[in-house]
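A quick note: this is a predicted structure, and the numbers were derived from the prediction, not measured. A, B, ... follow the sequence lines: proteins, then strands. Residue 1 opens every chain.
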2 protein chains.
Amino acid sequence: MNRASDPNLTELAQQFRESLRLGVYMFRRLDPEGELTAAQLSLLSMISDGGLRVGDIAKNLGIKVPSATEQIIKLERAGLVTRQADPDDSRAVQVVITKAGTAAVESANQRRNAMVAGMLQELSTAEIEQLAAALPIISKINSSFQN
Amino acid sequence: MNRASDPNLTELAQQFRESLRLGVYMFRRLDPEGELTAAQLSLLSMISDGGLRVGDIAKNLGIKVPSATEQIIKLERAGLVTRQADPDDSRAVQVVITKAGTAAVESANQRRNAMVAGMLQELSTAEIEQLAAALPIISKINSSFQN
DNA sequence: GATTCATATTTAGGTAGCCTAATAGTTAGG
DNA sequence: CCTAACTATTAGGCTACCTAAATATGAATC
């Protein structure tokens with residue numbers, strides 16, 4: 001089946017792209033005064049359940065390895081992560097979150113969630129339900145994009 | 001009414017932020033080889049129905065005036081827009097799209113819409129409906145954010 | 001076990017797209 | 001007319017990405 005040229009789907013694609021654009025701007029403006037940038041919070045959140053190698057971090061974030069290294073170096077200098085030799089492969093490096101890193105993630109998430117929740121509370125109950133239903137679909141679209 | 005501390009709303013906020021993050025990465029990867037960057041396409045689309053002043057462009061894009069000026073200069077050098085004195089206010093500048101600019105927008109939109117439509121066609125009819133219902137809500141959230 | 005090929009990371013250098021602060025020109029109100 | 005407010009540009013800086021090249025380790029082959 002190929003519906004990609006369906007005019008309705010194209011129209012929806014256009015609207016979806018516009019939403020993506022709005023999302024980029026919202027994302028950038030969320031808590032700009034916070035101690036963590038958006039990129040740093042994404043990286044720290046990713047390793048908060050256990051250390052990962054640089055390459056895995058890059059892959060999961062959808063960026064190139066040198067870009068990940070750069071962020072990791074900044075986070076290390078800030079005392080939020082440590083780099084340790086991977087015991088199984090001494091070419092690789094395990095990036096592990098520190099206590100300070102965990103604390104920073106928690107406070108950053110709280111601040112940002114509070115900001116977003118403040119925006120969401122202006123929605124009606126029906127709108128909140130519709131939004132909640134759509135978020136998993138966006139994740140699904142993203143998965144198909146990764147390939 | 002203050003529901004912002006409602007745990008359910010906070011949970012939804014967290015999920016929404018994650019979707020935002022995914023959106024950022026999708027947006028960045030959409031047609032990276034194209035002749036227009038995402039920022040350029042956003043700006044050009046905005047003026048495709050008629051010239052706008054630099055300040056209006058900046059406001060609509062959610063960026064500062066000097067950032068808009070910078071983009072406009074690049075687009076002008078590429079022959080996609082022209083800058084003209086505003087007849088009513090000679091402090092202001094009208095930014096007008098050229099024929100080449102219009103052509104570039106059309107082809108960029110087609111390419112990007114086709115890419116997105118390709119991703120959307122993997123969704124079920126129900127999912128497409130749910131997504132379509134949520135997009136206006138995202139616009140609404142963004143509006144409340146602008147303030 | 002030495003050579004060669006592949007993998008993991010870092011270093012070096014570059015770009016896009018934002019920002020703030022300072023400057024120059026234009027308008028409008030007192 | 002003069003001052004305050006507005007519009008845009010210039011100058012300089014930052015974050016977060018990129019590619020290409022260097023370094024180090026691991027794996028495979030002979």
Of all of residues 67-81 of chain B, which get a heavy atom below 4.0 angstrom from DNA chain D, listed by number?
Thr69(B), Ile73(B)
Would you classify Val93(A) as touching base, sugar-phosphate or nothing, given that sugar-phosphate means primed atoms plus P, OP1 and OP2, and contacts are heavy atoms under 4.0 Å?
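Counting heavy atoms under 4.0 Å across all strands, the contact made by Val93(A) is with sugar-phosphate only.
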Using a cut-off of 4.0 Å on non-hydrogen atoms, how would the nucleic acid contact of Asp86(A) be classed: base, sugar-phosphate, or nothing?
nothing
So, taking the atom named [atom1] in [X] and the one named [atom2] in [Y], what distance separates them when rounded to the nearest 0.5 Å?
X	Y	atom1	atom2	value
Asp31(B)	Arg112(B)	CG	CZ	4.5 Å
Met26(B)	Ser19(A)	CE	OG	10.5 Å
Thr102(A)	Ile97(A)	OG1	CD1	4.0 Å
Leu135(A)	Ser139(A)	CG	OG	7.0 Å
Gln71(B)	Lys74(B)	CD	NZ	5.0 Å
Glu18(B)	Ser42(A)	CD	OG	7.5 Å

Calculate the interatomic distance between [X] atom [atom1] and [N] atom [atom2]; express it in whole Å.
X	N	atom1	atom2	value
Ile63(A)	dT15(D)	CD1	P	15 Å
Lys64(A)	dT15(C)	NZ	C1'	16 Å
Arg91(B)	dT27(C)	CZ	C1'	5 Å
Asp88(B)	dA28(C)	CG	C1'	15 Å
Asp89(B)	dT27(C)	CG	P	6 Å
Gln94(B)	dT9(D)	CD	P	12 Å

Given side-chain contact (heavy atoms from CB on, under 4.5 Å), test Asp88(A) with Gln94(A) step by step and report yes or no.
CA-CA 10 Å; Asp88(A) 300 334; Gln94(A) 287 277 338; over 6 Å; no
How bent is the helix from dG1(C)-dC30(D) to dG30(C)-dC1(D), comparing axes over its five end pairs at each side, to the nearest 10°?
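Angle reported: 10°, given to the nearest ten degrees.
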When you compare the side chain of Arg21(B) with that of Leu61(A), does any pair of heavy atoms fall below 4.5 Å?
yes
Is it true that Asp89(B) and Arg53(B) make a salt bridge, defined as a side-chain N closer than 4.0 Å to a carboxylate O?
yes
Any salt bridge between Glu122(A) and Lys140(B), counting N to O under 4.0 Å?
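Here Glu122(A) does not pair with Lys140(B) in a salt bridge, since their nearest N and O are not under 4.0 Å apart.
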Can you see if the side chain of Ser90(B) gets near the phosphate of dG25(C) - specifically, an N or O under 4.0 Å from OP1 or OP2?
no
Within the pair Arg83(A) and dT10(C), is there a side-chain N or O less than 4.0 Å away from OP1 or OP2?
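The answer is yes; a side-chain N or O of Arg83(A) sits under 4.0 Å from OP1 or OP2.
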For Glu11(B) and Gln15(B), which I'm curious about, is there any donor-acceptor pair between the side chains at under 3.5 Å?
yes
Identify, residue by residue, the members of residues 35-58 of chain B with a heavy atom below 4.0 Å from DNA chain C, and return them in order of residue number, or none.
Thr37(B), Ala39(B)
Which nucleotide sits closest to the side chain of Arg28(B): dA8(C), dA12(C), dC17(D)?
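Output: dC17(D).
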